[in-house]
Amino acid sequence: MSKTYYITTPIYYPSGNPHIGHCYTTVACDVIARFKRMQGYDVMFLTGTDEHGAKIQQKAEEQGMTPQQYVDGIVANFKRLWSFMNISYDRYIRTTDPCHIETVQNIFRKLYYNGYIYKSTYKGKYCVPCESFWTETQLVDGKCPDCGREVREAEEEAYFLKLSVMTDRVTDLLKNTDYLRPESRVNEMINNFVKDGLEDLCISRTSVKWGIPVPFDEKHTVYVWLDALINYISALGYENGTYNDFYKYWPADMHMTAKEIVRFHSIVWPAVLMMLDLPLPKRLYGHGWITFNGAKMSKSLGNVVDPFILGERYGVDAVRYQILRDMPYGSDSNFSNEIMIGRINNDLANALGNLVSRTVAMADKYFGGTLPEDRKPEPIDEELITMAKALREPVSAYVDEAQHSLALAEIFKVVDRANKYIDETEPWVLGRSEENRARLASVLYNLLETIRICSVLLSPFMPNTMPEVWKQIGASGEAVTYGEAASFGVLPANVTVHKGGILFPRIDIDKEIEELNAMLTPEKKIREDEDLDKANIITIDKFAEVKLRTGEVTACEKVAKSKKLLKLQIDDGRYGRQIVSGIAQWYKPEDLVGKKIIFVANLAPAKLCGEESQGMILAADTEDGGASVVFLDPSVPNGSTIR
């Protein structure tokens, strides 16, 4: 009987269509699931959607449909994306599934009758976007500690979970086991939520109707976070009659989530399982966020983040590779189209793709595609062979710990060494002399074997492309197993290669960014005579978050790497700042020097073509598609607040 491995993504909240940020966790889990299958495990890979709560109810009402109709449409897009991204999940759970509802109600009833749930009145703070309850001491500057938005006072009858009685056991779990990783997340949870004692958690609402009814008090619905966490066992059949896999796969080997929901998974979820006397998951990994140039996307940045568009333009495997390669363990990853294209060109086109195409082309040119069996090894071969043979174990260890970036870095060390080996051995020189045929065959065979080993270990990361590599290097199914990835000399001595197409075409970055800019659809303009109820209405508090200041342009020049960007030095009445703006098509640098402008002062810094931008200047759209900068009277003091 094969060993089992159970891995889960969080279930995603379908309040909007998925984008590249949703892809990281799912692709990362897919890599682990594929790797474990390759190692011979019986894998259960679960993903799904969290479909209840106030936000869903509100979104549905805004669009004139029922909540179920709304989530059905969004879920269809999630499933389409996972199919497009080649996600090999085994089961998809929806919190609107009857089996899940049955499990949640049975667990709620069991916890209530076992004394872990009681009825009281909730009085405190509530964040609507996060659907989270907070105490006064947990707020940061009076706002939600997770999202930084305003919270509101809430008071209503509610059921509470006795989380407080689990303080010692949860503390021990976090401090004395390796359940939560990376270590920095442990410190965050202990310091922010646990060290002063856990507080009982409100787990029902009477004001939210779109949810699972409390089975013995149906004016209450189950709090969305308790509802959502239970998916990991409802999908296996715990306390429902739909599935029968709980005792086969539980406990989970890995839960993977983004860092903003680690609190629920590291504190509330283990506490619930303790109350149910169930085994705890073995590992929870809370990864960082994908940020977009450190700032909100804009047309001038050429930031297309629709994974369907990116996958169609560059190939799904290239997208999978980049988002995994550039996410440091436990930290945030900065995303831009420029970063993605650079990674594709440097790693996939220049390094891996070039290695495969050069090796196959030389085997075809000098031997008609089939290597002779005569060999002439030399000492220079040993370093490459040793690196290739030793590659499997560190890559496997990194994948086990969800350190995909480091796993890929290890593989590409060998890819880079193979390219260097070509330069050292100079096969094109060996090919000029008949007496060097055996030596040339040794060199090309060593390259083909190195490619084979690297491509086997890359196959969970890039499952579409690696079979094409195997075809080109003449590797059969038996040669591309996990077991053979630690052996050198697996390909037949007289292996036959097959020239194929370019694996990863090199991208003209300037041309591509121009095309992406043109592709972005500008937001619909709302005319004064249109119904403003259909616009993106914001509150006065939301508007107050944007800090507008006045400043004077003291210097301006073009950005060397761009036709669209100008670099402005601004006297902001304080320390001065640099702003990069995409207005070079409409203004010369000399047109702006000495002018008073308005800028957004609290926009996160962003790198544009290598230049740091510390804000955004205000400009209006013109009818011809241009931009007109908003200039102020020269008498306005620098650094003044715009109200």
Side-chain angles (χ1 to χ4, degrees), residues 27 30-31 33-40 85-86 88 314-321 324-325 344 347-365 367-371 373 384-385 387-392 395-396 399 407-408 410-419 421-422 441-505:
V27 173
D30 184 64
V31 167
R34 289 176 181 274
F35 213 95
K36 289 299 176 181
R37 293 188 193 109
M38 189 168 68
Q39 292 176 315
M85 294 297 295
N86 206 355
S88 62
Y314 313 135
V316 165
D317 278 1
V319 175
R320 286 171 61 110
Y321 175 81
L324 294 173
R325 183 67 178 85
I344 292 170
D347 290 11
L348 300 184
N350 293 353
L352 178 61
N354 201 29
L355 173 63
V356 175
S357 64
R358 286 205 292 172
T359 302
V360 171
M362 288 187 290
D364 185 71
K365 177 179 179 179
F367 298 115
T370 301
L371 297 189
E373 296 190 23
L384 178 63
I385 293 172
M387 287 181 68
K389 288 169 64 176
L391 182 60
R392 189 186 76 173
V395 171
S396 300
V399 170
L408 289 168
E410 287 295 312
I411 296 171
F412 273 79
K413 286 178 187 176
V414 178
V415 170
D416 290 341
R417 185 65 188 87
N419 278 312
Y421 177 76
I422 293 176
S442 291
V443 169
L444 294 179
Y445 184 83
N446 291 340
L447 290 168
L448 289 170
E449 271 293 276
T450 301
I451 293 168
R452 179 189 64 82
I453 291 171
C454 289
S455 61
V456 169
L457 298 174
L458 281 171
S459 61
F461 297 89
M462 295 186 280
N464 292 335
T465 307
M466 293 309 108
E468 174 60 23
V469 172
W470 299 334
K471 179 180 177 182
Q472 292 192 26
I473 66 173
S476 65
E478 295 80 8
V480 293
T481 63
Y482 180 79
E484 297 290 14
S487 301
F488 201 94
V490 173
L491 291 173
N494 61 345
V495 62
T496 298
V497 302
H498 307 276
K499 290 183 70 174
I502 298 173
L503 296 174
F504 301 101

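Remember, predicted model here, so these are calculated numbers, not experimental data.
Lys413 approaches Met387 most closely through the heavy-atom pair O-CE, 3.9 Å. Scanning both residues, Val480 and Ala475, for their nearest heavy atoms gives CG1-CB, 3.8 Å. Nearest heavy atoms, Arg325 versus Leu408: CD-CB, 3.6 Å. Annotation for Ala363 and Leu371: closest pair CB-CD2, 4.1 Å, computed over non-hydrogen atoms. Shortest non-hydrogen contact noted between Leu491 and Gly474 is CD2-O, 3.9 Å. A pairwise comparison of heavy atoms in Ala485 and Ile453 identifies O-CG2, 3.4 Å as the closest pair.
Note on residues 449-470: pairs passing salt bridge (Lys or Arg N to Asp or Glu O under 4.0 Å), not counting sequence neighbours, are Glu449-Arg452.
Residues meeting the side-chain contact (heavy atoms from CB on, under 4.5 Å) test with Thr359, sequence neighbours left out: Leu355, Ile422, Leu447, Leu448, Ile451. Ile502 pairs by the side-chain contact (heavy atoms from CB on, under 4.5 Å) definition with Pro505, not counting sequence neighbours. Qualifying side chain to side chain donor-acceptor pair (under 3.5 Å) partners for Asp416, counting only residues two or more places apart in sequence or in other chains: none. Listed by chain and residue number, Tyr321 satisfy the ring pair (Phe, Tyr, Trp, His ring centres under 6.0 Å) test with Phe412 (two or more places apart in sequence, or in another chain). Under the rule for a side chain to side chain donor-acceptor pair (under 3.5 Å), Thr450 has no partner lying at least two apart in sequence or in another chain. Legend: residues meeting side chain to side chain donor-acceptor pair (under 3.5 Å) with Glu484, ordered by chain and number and at least two apart, are absent. Partners of Tyr421 by ring pair (Phe, Tyr, Trp, His ring centres under 6.0 Å), not counting sequence neighbours: none found. A search for ring pair (Phe, Tyr, Trp, His ring centres under 6.0 Å) contacts involving Phe504 returns nothing, not counting sequence neighbours. Not a single salt bridge (Lys or Arg N to Asp or Glu O under 4.0 Å) links Lys365 to another residue, sequence neighbours left out. With sequence neighbours left out, the salt bridge (Lys or Arg N to Asp or Glu O under 4.0 Å) criterion links Arg34 to Asp30.
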Ignoring hydrogens and angles, write down the donor-acceptor pairs under 3.5 Å from the side chains of residues 458-465, residues two or more places apart or on other chains.
| residue | atom | partner | partner atom | Å |
| --- | --- | --- | --- | --- |
| Ser459 | OG | Val456 | O | 2.6 |
| Asn464 | OD1 | Asn86 | ND2 | 2.6 |
| Thr465 | OG1 | Asp317 | OD2 | 2.7 |

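In this structure, Ile473 and Val495 have side chains that are not in contact, with every pair of non-hydrogen atoms separated by 4.5 Å or more. Residues Phe367 and Val497 fail the side-chain proximity criterion, which asks for heavy atoms closer than 4.5 Å.
To the nearest 0.5 angstrom, Glu410 atom CD is 11.0 Å from Cys454 atom SG. Arg37 CZ to Tyr482 OH: the interatomic distance, rounded to the nearest 0.5 Å, is 16.0 Å.
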Would Ile385 and Asn446 satisfy side-chain contact (heavy atoms from CB on, under 4.5 Å), going step by step from the backbone distance to the final call? CA-CA 7 Å; Ile385 293 172; Asn446 291 340; 3.9 Å; yes
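With hydrogens and angles disregarded, no donor-acceptor distance shorter than 3.5 Å links the side chain of Arg392 to the backbone of Leu457.
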